[in-house]
Amino acid sequence: MASPLQLLHRATHEPIRRWVLGAFPRDPGGTLDYDQPHADPGLFGPDSVTWRIHADFPGMLAGGLAALMMQTLHPLALAGVWDHSNFRGDLVGRLRRTTTFVGATTYAPRAAAEGLIERVRRIHAHVHGMGEDGTPYSADDPALLTWVHVTEAHSFLAGYRRFAHRDVPRAIADRYYDEVRRIAEALGARDVPASEADVADYFARVQPQLAYTDRSREVLRILAGVRLPVPLAGLSRDVFLNAGIALLPGWASDLLRQTPRQRQQARLAARVLWSMAPAFRAALTDGVVSRAGRRVGMAPEAMRRWPSETTL
């Protein structure tokens, strides 16, 4: 029989669990097996930093939204979304597909992860066109793949640092960038930054190519009005979206023309999400992360420790 404390925890955590699964169902197609084959470490494995950083839902969702905002600043990357994506009618679906891809390439067995990467490569081969200024683009352009990857990795790491209630030493951050670049490289990216210093240099180099355009404004308008299929959808969206704004680098906030009021709202939302993060962590104990851990015989508490072989 459950104790009163256990019953209280269930009453608190179950609504959060339903919230997350309602907005971002695990493996919506039902084709990924995170339990077999036994001992298969996937592309990263239990000794990776990536397994730990990608397990933090608040940081990943807020970070994913921050990455999407940053990506609107690259005219050619945005042109591909503008011409070939149904983001106007199904932005939630696009977010779900991104969530599934990141989760599967992080935690699924190797063959499944590699199969999903190959599927995305095939899709990218058919995504091409012309930017607003007549410049040709292709989704499998190594430079565009690098841009999308770096904005995501930077934002996920920023989300973890902001909301995971845990210090991230420089050596851990460098190792994270060095690990996750293998996904970008498998998709066709080249010269992918492998450390925090590399990422800073990369952003400095790429900024002259960026611009806040009418298309950027339109995508952000749609994002600001997205309705998540959860209770209190508007409030949930505003907390996570504004928390995502709080993760943006200063130069990106400037390019996106964030007003002082918007930046203040972002700081407030980040404080709210920071206070909520432990409840999300406690509620989400039976997902793909725990299934992958059981597959390789990893104790759940190990996820709260950095890999021992990392030099801090």
Side-chain angles (χ1 to χ4, degrees), residues 8-9 11-24 49 52-72 91-92 95 98-99 102 151-170 172-173 176 196 199 203 220-221 223-285 287 289 303-304 306:
L8 178 61
H9 283 176
T12 304
H13 298 156
E14 185 59 24
I16 295 176
R17 183 176 180 277
R18 289 199 302 268
W19 186 104
V20 174
L21 295 183
F24 301 100
V49 168
R52 289 150 176 83
I53 290 176
H54 288 185
D56 190 70
F57 177 81
M60 290 296 285
L61 180 52
L65 293 169
L68 181 58
M69 287 183 270
M70 291 178 70
Q71 288 164 14
T72 67
L91 183 57
V92 171
L95 293 172
T98 300
T99 299
V102 173
T151 55
E152 289 181 352
H154 179 273
S155 299
F156 293 155
L157 179 60
Y160 191 91
R161 278 179 157 151
R162 193 70 173 257
F163 304 118
H165 295 228
R166 188 179 184 194
D167 290 336
V168 181
R170 181 66 173 266
I172 290 291
Y176 173 68
E196 282 204 289
V199 168
F203 280 143
L220 293 176
R221 183 191 68 77
L223 181 61
V226 68
R227 298 285 298 179
L228 297 175
V230 296
L232 301 176
L235 178 60
S236 300
R237 174 201 62 219
D238 290 347
V239 168
F240 276 96
L241 187 60
N242 281 295
I245 291 172
L247 302 179
L248 294 170
W251 60 264
S253 292
D254 292 342
L255 280 175
L256 289 165
R257 303 178 187 177
Q258 297 290 330
T259 66
R261 182 172 181 272
Q262 287 173 316
R263 297 183 197 215
Q264 175 64 17
Q265 289 176 328
R267 289 190 290 270
L268 291 173
R271 286 200 288 270
V272 170
L273 187 54
W274 185 90
S275 68
M276 295 169 57
F280 277 97
R281 192 173 303 115
L284 300 174
T285 59
V289 180
M303 290 291 287
R304 294 299 297 167
W306 295 124

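All values reported here derive from a predicted model rather than from experimental measurement. Side chains are part of it too, since the values below use all heavy atoms of this structure and drop only hydrogens, waters and symmetry mates. Each residue takes its place number in the sequence, starting with 1.
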Test Asp56 against Arg161 for salt bridge (Lys or Arg N to Asp or Glu O under 4.0 Å), laying out the working first. CA-CA 10 Å; Asp56 190 70; Arg161 278 179 157 151; over 6 Å; no
> If you measure only the distance, is there a donor-acceptor pair under 3.5 Å linking the side chains of Gln264 and Arg261?
Replying inline: no
Quiz item: Taking atom types as modelled and ignoring hydrogens, do the side chains of Arg166 and Tyr160 form a donor-acceptor contact shorter than 3.5 angstrom?
Solution: yes
Could you tell me which non-hydrogen atom of [X] sits nearest to which non-hydrogen atom of [Y], and how far apart they are?
{"X": "Val102", "Y": "Met60", "value": "CG1-CE, 3.7 Å"}
{"X": "Phe163", "Y": "Ala243", "value": "CZ-CB, 3.8 Å"}
{"X": "Thr151", "Y": "Gln71", "value": "OG1-NE2, 2.9 Å"}
{"X": "Gly63", "Y": "Ser155", "value": "O-CB, 3.0 Å"}
{"X": "Met69", "Y": "Gly244", "value": "CE-C, 3.8 Å"}

### Message
Tell me whether His154 contacts the main-chain N or O of Leu248 through its side chain, where contact means a donor paired with an acceptor under 3.5 Å.
### Response
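Not at all, since once roles are kept as given, no pair shorter than 3.5 Å links the two residues.
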Keeping the roles fixed (side chain from Arg267, backbone from Ala246), state whether a donor-acceptor pair exists under 3.5 Å.
no
### Message
Could you check whether any side-chain heavy atom of Asn242 comes within less than 4.5 Å of a side-chain heavy atom of Leu273, counting everything from C-beta outward?
### Response
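No, their side chains stay 4.5 Å or more apart.
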Answer yes or no: is there a side-chain heavy-atom contact under 4.5 Å between Arg257 and Gln262?
no
Just how far is it from atom [atom1] of [X] to atom [atom2] of [Y], taken to the nearest 0.5 Å?
{"X": "Ile245", "Y": "Leu256", "atom1": "CD1", "atom2": "CG", "value": "8.5 Å"}
{"X": "Arg52", "Y": "Trp306", "atom1": "CZ", "atom2": "CH2", "value": "8.0 Å"}
{"X": "Leu157", "Y": "His54", "atom1": "CG", "atom2": "NE2", "value": "9.0 Å"}
{"X": "Met70", "Y": "Leu247", "atom1": "CE", "atom2": "CG", "value": "10.5 Å"}
{"X": "Tyr176", "Y": "Glu196", "atom1": "OH", "atom2": "CD", "value": "11.5 Å"}
{"X": "Arg271", "Y": "Arg162", "atom1": "CZ", "atom2": "CZ", "value": "9.0 Å"}

Name the orientation class of the two ring planes belonging to Trp251 and Phe203 (parallel below 30°, tilted from 30 to 60°, perpendicular beyond 60°). tilted
